[in-house]
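Here is how names work: the chains are called A, B, and so on, in the same order as the sequence lines, proteins then strands, and each is numbered from 1.
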There are 2 protein chains.
Amino acid sequence: MISKKAKYAIHALVKLARDREKGPILISEISKEGHIPQKFLEAILLDLKRAGVLNSKKGKGGGYYLIKKPEEVNMADVLRLFDGALALLPCVTYKYYERCEECTDELTCGIRRVMQQVRDETVRILKDSTLATVLASEKSTYKEQ
Amino acid sequence: MISKKAKYAIHALVKLARDREKGPILISEISKEGHIPQKFLEAILLDLKRAGVLNSKKGKGGGYYLIKKPEEVNMADVLRLFDGALALLPCVTYKYYERCEECTDELTCGIRRVMQQVRDETVRILKDSTLATVLASEKSTYKEQ
DNA sequence: ATAATACTCTATAAATCCGATAGACTTTAT
DNA sequence: ATAAAGTCTATCGGATTTATAGAGTATTAT
């Protein structure tokens, strides 16, 4: 499961992408519309600003707005920013790598191979999924599943 | 990331599958070999017993042993037993379903669709991966990746 | 200039979960 | 009987998560 922080972040980003023609959007507006505690949201938006995804404008008429193109913001990066590694085990991550004590030989470890597969597929799907594709899929009316 | 509990469980199960011809295996042996804290492991093995995967024998010559066939124990079920849902969001789980507050229309929610895909792939891979396939892949010498 | 607006920072609290340990108890083989 | 081995209950410290409060700072319209 992803953290609420990450979930809130995605929802906020999708809204900012959807409304990106409207100029800066108030924190309070994102908070109300998404039922996200405002103070909690503030911290999240700041993180996204530091990460170079958003920028903000202070003062009257201010608010937050997207500075990357919607096609350039993918779910893998957002989840990593808030929740760390996507992999299920530390031994199959790149940035957060850690050896497993329990494992005698990592190169032949069968558990590791499975988790590697899961990671690869997960990353593939999340990388392919950007704010642009999410918005587009919202508009399509056919229902999957 | 999966919990240590789940990771320990998988390692213990793989060992029990590997040594299943040897009769009951001592908790202490699994603990030592896998560098798993013994008391913690005890609770894990009990959970697996209650789940019908293992059985135990008390007294001298006792220990734990697998009662399901290695092909019948898959990673998806084990992870679910210890860590709950595999999905990244509560709105794409079956057993642990919960509606997301932030979401206006679940049927068109783009975020949900992505997470649904991730879940489907993850479950597919983990269901296909059993104690039997893990053991088999340990024996193969070629190295992926 | 200045008041209103809105973002930024620091601190902290409550709740929950995780990983681990202790010790007494029960069952079983010999 | 007794030693071996699993079972049960209770508990603990620490980390993490989620959330809130309040003071402080920057910006803009007018």
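- When atom types are taken as modelled, the side chain of A:D83 and the backbone of A:S3 share a donor-acceptor pair closer than 3.5 angstrom.
- Residue B:K7 is out of contact with every strand shown, counting any heavy-atom pair closer than 4.0 Å.
- Within the 4.5 Å cutoff, no side-chain heavy atoms of B:I2 are placed close to those of B:M75.
- Between A:H35 atom NE2 and D:dA19 atom C1' there is a gap of 17 Å when expressed in whole angstrom units.
- Going from atom CD1 of A:I27 over to atom C1' of D:dA26 covers 14 Å, rounded to whole Å.
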In 5'-to-3' order, the base (B), backbone-only (S) or no-contact (-) status of each nucleotide in nucleotides 11-23 of chain C, using a 4.0 angstrom heavy-atom cut-off, is --------BBBBB
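- Judged purely by atom type and a 3.5 angstrom limit, B:R20 has no side-chain atom pairing as donor or acceptor with the backbone of B:L66.
- If you take CG of A:L41 and P of C:dT8, they are 12 Å apart, rounded to a whole angstrom.
- Within the 4.5 Å cutoff, side-chain heavy atoms of A:L48 are placed close to those of A:F82.
- Within 4.0 Å of A:L26, counting heavy atoms only, lie sugar-phosphate atoms of the nucleic acid but no base atom.
- Across the protein-nucleic acid pair, B:Y64 atom OH and D:dA5 atom P stand 14 Å apart, rounded to whole Å.
- At distances below 3.5 Å, not a single donor-acceptor pair connects side-chain atoms of B:R119 with backbone N or O atoms of B:Q116.
- Distance B:M1 CE to D:dT17 P: 12 Å, rounded to the nearest Å.
- Computed from coordinates, the B:E29 CD to D:dG6 C1' distance equals 15 Å when rounded to whole Å.
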Short N/O separations, protein against nucleotides 25-30 of chain C, under 3.5 angstrom:
| residue | atom | partner | partner atom | Å |
| --- | --- | --- | --- | --- |
| C:dT27 | O4' | B:K58 | NZ | 3.4 |

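- Rounded to an integer number of Å, the gap from CG of A:L46 to C1' of D:dA26 is 13 Å.
- Between the side chain of B:S56 and the backbone N or O of B:G63, no donor-acceptor pair lies under 3.5 Å.
- Place B:R50 and B:G62 on DNA chain D by their nearest nucleotides, and B:G62 ends up nearer the 5' end.
- Residues that satisfy the side-chain contact (heavy atoms from CB on, under 4.5 Å) test with B:Y96, not counting sequence neighbours, are B:A85, B:T93.
- Counting only distance, with no hydrogens or angles, the side chain of B:T122 and the backbone of B:V118 share a donor-acceptor pair below 3.5 Å.
- With rounding to the nearest 0.5 Å, the separation of SG in B:C91 from CD in B:E98 is 10.0 Å.
- Atom P of nucleotide C:dT8 and atom CG of A:L54 are separated by 10 Å, given to the nearest angstrom.
- Neither OP1 nor OP2 of C:dA6 sits under 4.0 Å from any side-chain N or O of A:S28.
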